[in-house]
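Below you'll find the structure, written out as structure tokens, and then a few comments.
Order of the sequence lines fixes the chain letters, A, B, ..., with proteins taken first and strands second; residue numbering starts at 1 for each chain. Fair warning: this is a prediction, and the values are worked out from it, not measured in the lab.
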2 protein chains.
Amino acid sequence: MEKLPAEGTQARRFGKTRFAQSTAVLEDYAELIADLLASAGEARPTDIARRLGVSHATAIKTIARLKRAGLATARPYRGVFLTEKGHALADRVRVRHRLVVDVLRALGVPSEAAEADAEGIEHHVSEITLKAFAQFLKLRG
Amino acid sequence: MEKLPAEGTQARRFGKTRFAQSTAVLEDYAELIADLLASAGEARPTDIARRLGVSHATAIKTIARLKRAGLATARPYRGVFLTEKGHALADRVRVRHRLVVDVLRALGVPSEAAEADAEGIEHHVSEITLKAFAQFLKLRG
DNA sequence: TATAAATTGTAGTATGGGCTACACTTTGAC
DNA sequence: GTCAAAGTGTAGCCCATACTACAATTTATA
Ligand SMILES: [Mn+2]
Ligand SMILES: [Mn+2]
Ligand SMILES: [Mn+2]
Ligand SMILES: [Mn+2]
């Protein structure tokens, strides 16, 4: 019967990390597509690919995964759109990204390093940790 | 000629994140194998698999990758060993892991969340950020 | 409007990291 | 010493993410 690793074990922690990793790409795409929709009015595969630094073929495949996950829709040759669920994800991810960068900056990390590291770190910050980050920034004014 | 994304671009940041991700698994294996070697005198695939929460077949495949990367050696039915390079990596990773957990704790994150989140975050903390973390902990006593 | 350029989509390939199933070796209990 | 249990290794599968190459469509320019 017992299937999942017990609470507080190393196995459980590694499992959480693997799960976070599996959603990281979807989160970044959702955030980026929301950005493009807001700033340019549309999100084209080529723009997405350029901003991510991958080939357009790779971007298109991941967009297909976003669709399967119910996060996005697309009209051929007309760009990508976010579902309600996709927009909600993008919003959460944007806020979290900002908060992670702000905390790193507050800890004395230079801007560019903070932005670069946050791009990876953000996907591994739990709700609990996020709350602690917000509290830290608030207290520290 | 121009191949890599320019400094300070989003594409460059995403690329760094992808690279960090590709080394994350190797780092965790190296750290864990060093732990097992120190505490039990040997590092068996099954022990590694159990600690990571994956099947032994998965562990064995990743151990093969460690060998290809020159980080480990293995004798059939006798366990896994780290090369000098592997030991050096394990040492760096252990120190970094500790530092990330300590910073999270200092920011008010509860122990278990700090340990869990650090398992993913650690792989995305640059040298520059690591220095800032150390400095922060030092100043703050 | 015809044609060239850019974009988009698809096909095929590689690598990585999961899994289960099965065979073989070692270890441990009797 | 025998034999069962545990551990180890291999094979074959799936999915995600990357790439290049090529075809189809759309957009822009002459
Ligand atoms: Mn990111
Ligand atoms: Mn981000
Ligand atoms: Mn880790
Ligand atoms: Mn670790």
Worksheet item: With side chains defined as the heavy atoms from C-beta onward, is the minimum distance between A:Ile121 and A:Leu104 less than 4.5 Å?
Response: yes
Within residues 116-124 of chain B, those residues having any heavy atom closer than 4.0 Å to DNA chain C are none
All heavy atoms of B:Val109 vs all of B:Ala113, minimum pair found to be CG1-CB, 3.8 Å
Connected to A:Val95, directly or through other members, by ILVMFWY side-chain contacts below 4.5 Å are none
In short, salt bridge (Lys or Arg N to Asp or Glu O under 4.0 Å) pairs touching residues 114-127 of chain B with sequence neighbours left out are B:Arg98-B:Glu115
Residue set satisfying side-chain hydrogen bond (donor to acceptor under 3.5 Å, both in side chains) with B:Glu27, at least two apart, ordered chain then number -> B:Arg96, B:His123
To the nearest angstrom, the CG-C1' distance between A:Asp28 and D:dT17 comes to 13 Å
Expected list for residues 15-26 of chain B near DNA chain D, using heavy atoms below 4.0 Å, is B:Arg18
From CD of A:Glu42 across to C1' of D:dT26 the rounded distance in Å is 12 Å
Numerically ordered, the residues 62-73 of chain B set in heavy-atom contact under 4.0 Å with DNA chain C is B:Arg65, B:Arg68
Determine, using the 4.5 Å side-chain heavy-atom cutoff (strictly less than), whether B:Val25 and B:Ile60 are members of one ILVMFWY cluster. no
All heavy atoms of B:Ala69 vs all of B:Leu26, minimum pair found to be CB-CD1, 4.4 Å
Between A:Thr58 and D:dT17, is there a side-chain N or O to OP1/OP2 distance below 4.0 Å? no
Note: with side-chain heavy atoms under 4.5 Å as the link, the other cluster members for B:Val101 come out as none
Nearest heavy-atom contact between B:Phe19 and B:Ser22 is O-OG, 2.7 Å
In B/S/- notation (B base, S sugar-phosphate only, - none; protein heavy atoms under 4.0 Å), nucleotides 3-11 of chain C written 5' to 3' is ----SBBBB
For residues 41-50 of chain B, the side-chain hydrogen bond (donor to acceptor under 3.5 Å, both in side chains) pairs (sequence neighbours left out) are B:Glu42-B:Arg44, B:Asp47-B:Arg50
Donor-acceptor list for residues 9-16 of chain A side chains, cut-off 3.5 Å, not counting sequence neighbours:
{"unit_1": "A:Thr9", "atom_1": "OG1", "unit_2": "A:Ala6", "atom_2": "O", "d": "2.6"}
{"unit_1": "A:Thr9", "atom_1": "OG1", "unit_2": "A:Arg12", "atom_2": "N", "d": "3.2"}
{"unit_1": "A:Gln10", "atom_1": "OE1", "unit_2": "B:Arg51", "atom_2": "NE", "d": "2.5"}
{"unit_1": "A:Gln10", "atom_1": "OE1", "unit_2": "B:Arg51", "atom_2": "NH2", "d": "3.2"}
{"unit_1": "A:Arg12", "atom_1": "NH1", "unit_2": "A:Pro5", "atom_2": "O", "d": "2.6"}
{"unit_1": "A:Arg12", "atom_1": "NH2", "unit_2": "A:Glu7", "atom_2": "OE1", "d": "3.0"}
{"unit_1": "A:Arg13", "atom_1": "NE", "unit_2": "B:Glu112", "atom_2": "OE2", "d": "3.3"}
{"unit_1": "A:Arg13", "atom_1": "NH2", "unit_2": "A:Gly8", "atom_2": "O", "d": "3.1"}
{"unit_1": "A:Arg13", "atom_1": "NH2", "unit_2": "B:Glu112", "atom_2": "OE1", "d": "3.0"}

So the side-chain hydrogen bond (donor to acceptor under 3.5 Å, both in side chains) pairs with at least one residue in residues 70-91 of chain A (sequence neighbours excluded) are A:Asp91-A:Arg94
Sequence neighbours excluded and cut-off under 3.5 Å, please list the side-chain donor-acceptor pairs for residues 131-141 of chain B, or say none.
none

